[in-house]
Participant: 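Pasting a structure below so you can have a look.
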Amino acid sequence: MVFLKSLIISFSMFSAIPMPRVGWNERNMRYMLCAFPLVGAVIGIAAASWAAFVVFAQTVLLKNIGKEIAALGFVLIPVIITGKIHIDGFMDTCDAVGSRAERERKLDIMKDPHCGSFAVVSCALYFLAQYALSCRIFGDVIDGGRKFENQWQMLQHFFPLAPMFVSSRLLSAFAVSTFPIAKNSGLLRTFADASAKRFTAAWCGIWFALHSLLSSIALGLPATAATAAQIAVFVLYYFGSRHHFGGITGDTAGAFVQISELASLLAVAGAYIFF
């Protein structure tokens, strides 16, 4: 029952999916970080379903919806499901890092509700990159960039994209449980203090290892490259957050999710281009 309430709180916080009301107390929040990757699972299922529709339209309905529309749908799915919460953290982090100010001033900038030029430019570049890479991957199916023998092979082409939404959140929850936190106040501190840290770290660490192993075995090089890219971003996240802020914050946690997913997308696209 406690885990179910933690699950509801996690979805209420990290997604735009309507949830029943539960009390946001320390007991009910104990496992909310453990449930966080399940939000990614919903996004992954939605993304895979969109890819299946693209394949169905291409092969059964004989309708070419265009790689541009296919890519746009893929880009919008996580934004819609999460309610833009992680992209907000990404933009705040870009504003703070781009300011090149002192550490305390950077933390103040992240709390500022106004949107600076670094945030706007970084957000535009992020979505342009995500859209371009998605176009490249969907173009393999829609424009015939790669040869496929049947519908199943077409669908398999998109499978390595789905796991990244889960693994990014497994690593993010693991970081909240283990990394130094920059501030003694704020939502991230509240979540970290309320969570069962050792259990969360073990839970997320074990599931990330299993998730990565199974993805690599089942999906091959593209999935392996995506996992390697996320691990690289995770390492940079640790050192970068300590350098700029003295630890992680809620905004940097959101930025990590966004950047790790973009890195995974780049790795998958690169695997298809060069191999």
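This one's a predicted model, so the numbers in the text were calculated from it and none came from an experiment.
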Participant: Rounded to the nearest 0.5 Å, what separates atom NZ in K111 from atom CG in D92?
Facilitator: 12.0 Å

Participant: Which atom pair, heavy atoms only, marks the closest approach of P180 to G246?
Facilitator: CB-O, 4.3 Å

Participant: For residues A267 and A229, report the shortest heavy-atom separation together with the two atoms involved.
Facilitator: CB-CB, 3.9 Å

Participant: Looking only at non-hydrogen atoms, find the nearest pair between N64 and G66 and report the distance.
Facilitator: OD1-N, 2.9 Å

Participant: Looking at V166 and G40, what are the two nearest heavy atoms and their distance?
Facilitator: CG2-C, 3.8 Å

Participant: Under 4.5 Å between any side-chain heavy atoms of T224 and T227, yes or no?
Facilitator: no

Participant: Measuring from W50:CH2 to F158:CZ, what's the distance to the nearest 0.5 Å?
Facilitator: 11.0 Å

Participant: Report, one line per pair, each donor and acceptor closer than 3.5 Å where one atom sits in a side chain of residues 119-127; sequence neighbours left out.
Facilitator:
residue	atom	partner	partner atom	Å
S122	OG	F118	O	2.7
Y126	OH	Q258	O	2.7
Y126	OH	Q258	NE2	2.9

Participant: If every non-hydrogen atom of H211 is compared with every non-hydrogen atom of P163, which pair is closest and at what distance?
Facilitator: CE1-O, 3.2 Å

Participant: Any donor and acceptor pair, going by atom type alone, linking the side chain of S212 with main-chain N or O of A209 inside 3.5 Å?
Facilitator: no

Participant: Mind checking whether V235 and L266 sit in one hydrophobic cluster, side chains of I, L, V, M, F, W, Y counted as touching below 4.5 Å?
Facilitator: yes

Participant: Do L187 and M13 touch side chain to side chain, with heavy atoms closer than 4.5 Å?
Facilitator: yes

Participant: Check for a donor-acceptor pair, side chain of S10 on one end and backbone N or O of S6 on the other, with a separation under 3.5 Å.
Facilitator: no

Participant: Would you say CD of E26 has more than 12 non-hydrogen atoms from neighbouring residues, nucleotides or ligands within 6.0 angstrom?
Facilitator: no

Participant: Quick check: closest heavy atoms across I65 and A57, and the distance to 0.1 Å?
Facilitator: CG2-CB, 4.2 Å

Participant: Keeping T252 on the side-chain end and I248 on the backbone end, is there a donor-acceptor pair under 3.5 Å?
Facilitator: no

Participant: Passes side-chain contact (heavy atoms from CB on, under 4.5 Å), V39 versus F11? Steps please.
Facilitator: CA-CA 6 Å; V39 177; F11 271 80; 4.0 Å; yes

Participant: Hey, are the side chains of S99 and K106 touching, using non-hydrogen atoms and a 4.5 Å cut-off?
Facilitator: yes

Participant: Hey, could you give me the CG/CZ distance between L155 and F56, rounded to the nearest 0.5 Å?
Facilitator: 13.0 Å

Participant: Hey, what do you get for OG (S264) to CD (Q230), rounding to the nearest 0.5 Å?
Facilitator: 3.0 Å

Participant: Please verify the inter-ring angle class for Y272 with H157; under 30° counts as parallel, over 60° as perpendicular, anything in between as tilted.
Facilitator: parallel

Participant: When you compare the side chain of L221 with that of F274, does any pair of heavy atoms fall below 4.5 Å?
Facilitator: no

Participant: Using residues 169-179 as the side-chain source, report each donor-acceptor pair under 3.5 Å to any protein atom, sequence neighbours left out, with the distance given to one decimal.
Facilitator:
residue	atom	partner	partner atom	Å
R169	NH1	F165	O	2.9
R169	NH1	E261	OE2	2.6
S177	OG	A173	O	3.1
T178	OG1	F174	O	2.7

Participant: Treat each ILVMFWY residue as a node, draw an edge where side-chain heavy atoms are under 4.5 Å apart, and state whether F199 and I181 are in one component.
Facilitator: yes

Participant: Kindly work out whether a path of hydrophobic side-chain contacts (I/L/V/M/F/W/Y, heavy atoms less than 4.5 Å apart) joins L4 to I17.
Facilitator: yes

Participant: Roughly how far, to the nearest 0.5 Å, is CH2 of W24 from CZ of F191?
Facilitator: 5.0 Å

Participant: What I'd like to find out is whether the side chain of V60 reaches to under 4.5 Å of the side chain of Q151, using heavy atoms alone.
Facilitator: yes

Participant: Counting only heavy atoms from other residues, nucleotides and ligands, does the tally under 6.0 Å from CZ of R103 exceed 12?
Facilitator: yes

Participant: Under 3.5 Å, side-chain donor or acceptor atoms of residues 73-91 against the rest of the protein: list the pairs with distances, not counting sequence neighbours.
Facilitator:
residue	atom	partner	partner atom	Å
T82	OG1	P78	O	2.6
T82	OG1	K84	N	3.4

Participant: Are the side chains of L72 and Y131 in touch, meaning some heavy atoms are under 4.5 Å apart?
Facilitator: yes

Participant: Would you call D95 and M110 a side-chain contact if the rule is heavy atoms closer than 4.5 Å?
Facilitator: no

Participant: Under 4.5 Å between side-chain heavy atoms, hopping through other hydrophobics if needed: is there a path connecting F3 to M32?
Facilitator: yes

Participant: Nearest 0.5 angstrom please: N28 CG to I8 CD1, how far?
Facilitator: 9.0 Å

Participant: Do I231 and F239 sit in one hydrophobic cluster, given that two such residues count as connected whenever their side-chain heavy atoms are within less than 4.5 Å of each other, even indirectly?
Facilitator: yes

Participant: Kindly indicate whether the side chain of R105, heavy atoms from C-beta on, has any atom under 4.5 Å from the side chain of I109.
Facilitator: yes

